[in-house]
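Written out below as structure tokens is the structure these notes cover.
This structure is a prediction, so every number in the text was calculated from the model and none was measured. Counting starts at 1 for both ligands and their atoms, following the listed order. Numbers for residues simply follow the sequence, beginning at 1.
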Amino acid sequence: MKSVIIGTAGHIDHGKTSLVKALTGIDADRLEEEKRRGITIDLGFAHLELNAPSGEKLRYGFIDVPGHERFVRNMLAGVGGIDMVLLVISADESIKPQTREHFEICRLLSIPRGITVITKSDTVDEDTLNVVRMEVEEFVRGSFLDVGRSPMIAVSAHTGAGLEDLKREIVRLTAEIPARDTDAIFRLPIDRVFVMKGFGTVITGTLIAGKVKKEEEVEIFPGRQLVRVRGVQVHGAASDQAIAGQRTALNLAGVQVEDLARGMTLTAPGLLETTQRIEVQLSLLADAKPLKNRARVHLHAFASETIAEVKLHEGTEIRPGTTALAQLRTEDPLLLLPCDRAILRQYSPVVTIGGALVLDAFPLVRQKREARVAFLNAQASGSREEALLARISRRGKDGLDPASAVRETGLKLSVLQPMLAALAQKSQIVQAGEIRIAADVFKKSRESALAALEAFHKANPLVAGISKEELRTRLGLNQTVMEAVLAQLGRDKKAEVTAEQVRLAGRGVELKDDEAKAKEQIEKAFAEAGLKVPLMKEVLASLPVDKTRAQKLVTLLMRDRVLVKLADELVFHHSALQQLRQILAGQKATSPKIDVGKFKDLTGVSRKYAIPLLEYLDRERVTRRVGDERIIL
Ligand SMILES: Nc1nc2c(ncn2[C@@H]2O[C@H](COP(=O)(O)OP(=O)(O)OP(=O)(O)O)[C@@H](O)[C@H]2O)c(=O)[nH]1
Ligand SMILES: [Mg+2]
């Protein structure tokens, strides 16, 4: 069953609430004050089921908004997630200020579809109605509500005239509305919070992306509290799950009503992050005043509202009717993702002045202006793949890890993976572990590594190679990327990489065939022995080379730190010592204290080996001796 959210819009008293009631039978004015004053103050909700010509059931959630200019902020809290707007204009008053303001808001939010509804048709004669029609036609010309594209219908909530036509058009437009992405990361901006007798805390909102199931754990932003979904209601009926595009009520366990408020957002746990710096494409309305750099504005995004400072990336002001790239610095943390839209209202007097399309919610702190602008243009390009490549590129040598990619794009890893694969296929990115790096940046790191090696050999002709760690620091690479660079240099036979050292291929100390073989044998003997190391003289005796040369090979292996000497006649392979550290790390989880007996049990070594090993671990600050015991650090 397809679900669609319909919002009303329009000037006060033009008949929005009456229209919703005439369509659904539900009075969306739920507050006592609303009923007494006969105006809508806050958002109201209703629902309706209609049949498509095919017989398919269509489910509509209505969000009825207030028309009063003082309550535009409440209107903004509801309009963010709608699929279709009914722009309500009364036949007896025609276009009024909030007709314009609500209409501009819908345009700025890029609400894709709508119907212009001329209400109170019973209050005017045919000629007046035609005049109003013409005025309104002119008013919506060129917009998403242009009568060439969208219906315009005259109705009366009192006589019922036109209501059947309106329903028919709603159904017709529904077919054009693409289903929302239920595979996206779940996001539900909260627009109402209340206690329900016998249930406890309930929140409602329009589910803008993904889905949520009963008994799932969700995270509340900005506080990052984890709560359990005890129950789900969709359009007023209990359900096992709610999907994107549905009006949703969730009964939450483990949170008090006082801890929740309109403007907070529920999401899938552990994936997203709030921000107070948002890069946007800002559009200023034609009738707004020029907006100066550093101006303060009210920012409304979905149900949230805060104050933001506008930092322009180019020029000193935005001219009315134009767009510009800007960074919004908000007073409160917000949860926003690329492609979200927000509304800007002037600080004072408070009127709607423009809209913002989110391009990036995690700007780099230090970035050259041209690079930033180029990055933002790539985000605005409309190509998801290009936008992702720009995100990888801007991270430079460090590359982008999957968790950051998810957090920045708001796309699930399963959606990002094929895009990453396509970029790799086109040789635009390189993978190092799970990190992705722009191919040209990686190539530069590789070239820098070769240059650094060359320089090292030149400066140190008598040394076999540079330590990996030193090379890494010189190049300013992270561990993962360094390993990938070295692996590639090794594969391409450009460099020789040992456990701890790197040298250019063919540089360092030359070995003859039998020497190379002997060296391999020594390494293998110690690697396979683990902590139960053989006697060096026995290993040396079995080699195909004489004693002096064998000794030279052992010295080489120690210099490369493949073998580590702990005491006379006591040499270990570095991998065995690495494993020992892991054993101790595992032990630490159960008990951080250990004595010689316990150490022998854990490692299976004799006392003769245990003492030098423990002393080695003390030196390496893996353990600390306290009396007869050691504490694992
Ligand atoms: N004659 C006539 N009166 C109508 C019609 N629709 C609404 N009204 C009247 O117009 C007044 C305002 O209607 P509402 O539905 O409350 O208007 P609204 O747009 O919801 O107003 P706000 O929510 O405050 O912006 C009420 O007194 C209605 O009875 C109609 O089709 N014909
Ligand atoms: Mg109303």
For the ring pair His47 and Tyr60, is the centre-to-centre distance below 6.0 Å?
-> no
List the steps, then state whether side chain to side chain donor-acceptor pair (under 3.5 Å) holds for Asp122 with Thr159.
-> CA-CA 7 Å; Asp122 58 295; Thr159 68; 5.4 Å; no
Against heavy atoms of Ile39, which atoms of ligand 1 measure under 4.0 Å?
-> 24 (O)
Atom 27 (O) of ligand 1: protein heavy atom closer than 4.0 Å?
-> no
Under 6.0 Å from the NZ atom of Lys289, do we count more than 12 heavy atoms belonging to anything else shown?
-> no
What are the two closest heavy atoms between Phe221 and Leu272, and how far apart are they?
-> CZ-O, 3.2 Å
Other residues, nucleotides, ligands: >12 heavy atoms within 6.0 Å of Phe199 CZ = no
Counting both backbone and side chain atoms, is some N or O of Gly15 under 3.5 Å from an N or O of ligand 1?
-> yes
How close does the nearest protein non-hydrogen atom get to atom 14 (P) of ligand 1, and which residue and atom is it?
-> Ser18 OG, 3.5 Å
Geometric N/O contact Asp64 with ligand 1, under 3.5 angstrom | no
Which atoms from ligand 1 have a heavy atom of Gly67 less than 4.0 Å away?
-> 22 (P), 25 (O)
Give a yes or no on this: more than 12 heavy atoms of other residues, nucleotides or ligands lie within 6.0 Å of atom CZ of Arg73.
-> no
How would you list all residue pairs meeting salt bridge (charged side-chain N to carboxylate O under 4.0 Å, His left out) that involve residues 349-358, not counting sequence neighbours?
-> none
Could you tell me the residue and atom name of the protein heavy atom closest to atom 3 (N) of ligand 1, and the distance to it rounded to 0.1 Å?
-> His158 CE1, 3.2 Å
Non-hydrogen atoms of Ile95 and Glu135 that approach each other most closely = CD1-O, 3.9 Å
Numbered atoms of ligand 1 (with element) below 4.0 Å of Ile12, judged on heavy atoms | 24 (O), 25 (O)
For Asp122, the atoms of ligand 1 under 4.0 Å from one of its heavy atoms are 1 (N), 2 (C), 30 (C), 31 (O), 32 (N)
Determine yes or no for a side-chain-to-main-chain donor-acceptor pair under 3.5 angstrom, with Gln276 supplying the side chain and Glu331 the backbone.
-> yes
Which protein heavy atom lies closest to atom 16 (O) of ligand 1, and at what distance to 0.1 Å?
-> Gly38 O, 4.0 Å
Does any N or O atom in Gly10 lie less than 3.5 angstrom from one in ligand 1, N or O only?
-> no
Protein residue, atom and distance nearest to atom 12 (C) of ligand 1, heavy-atom basis = Asp13 OD1, 3.2 Å
Which heavy-atom pair separates Asp191 from Thr206 by the least distance, and what is that distance?
-> OD2-N, 4.1 Å
At distances under 2.8 Å, what protein N, O or S atoms surround the Mg ion (ligand 2)?
-> Thr17 OG1, Thr40 OG1
Identify the protein heavy atom lying closest to atom 24 (O) of ligand 1, giving its residue, its atom name and the separation to 0.1 Å.
-> Thr40 N, 3.0 Å
For Thr128 and Asp125, test the side chains for any donor-to-acceptor distance below 3.5 angstrom and give the result as yes or no.
-> yes
Element-labelled atoms of ligand 1 that are located less than 4.0 Å from some non-hydrogen atom of Ala157 = 6 (N), 30 (C), 31 (O)
Please report which non-hydrogen protein atom sits nearest to atom 18 (P) of ligand 1, along with the residue it belongs to and the distance in Å to one decimal place.
-> Lys16 N, 3.4 Å
Rounded to the nearest 0.5 Å, how far does CZ of Arg59 lie from CD1 of Ile5?
-> 10.5 Å
Side chains of Glu101 and Thr352: donor-acceptor distance under 3.5 Å anywhere?
-> yes
Note: ligand 1 atoms sitting under 4.0 Å from heavy atoms of Thr17 are 15 (O), 18 (P), 20 (O), 23 (O)
Lys/Arg cation over aromatic Phe362: Arg407, 6.0 Å, 45° cone | yes
Can you check whether Ser121 has an N/O within less than 3.5 Å of an N/O in ligand 1?
-> no
of all protein heavy atoms, closest to atom 8 (N) of ligand 1 is Lys120 CE, 3.6 Å
Answer yes or no for atom 30 (C) of ligand 1: protein heavy atom present at a distance under 4.0 Å?
-> yes
Going by atom types alone, do His68 and Gln98 pair a side-chain donor with an acceptor below 3.5 Å?
-> no
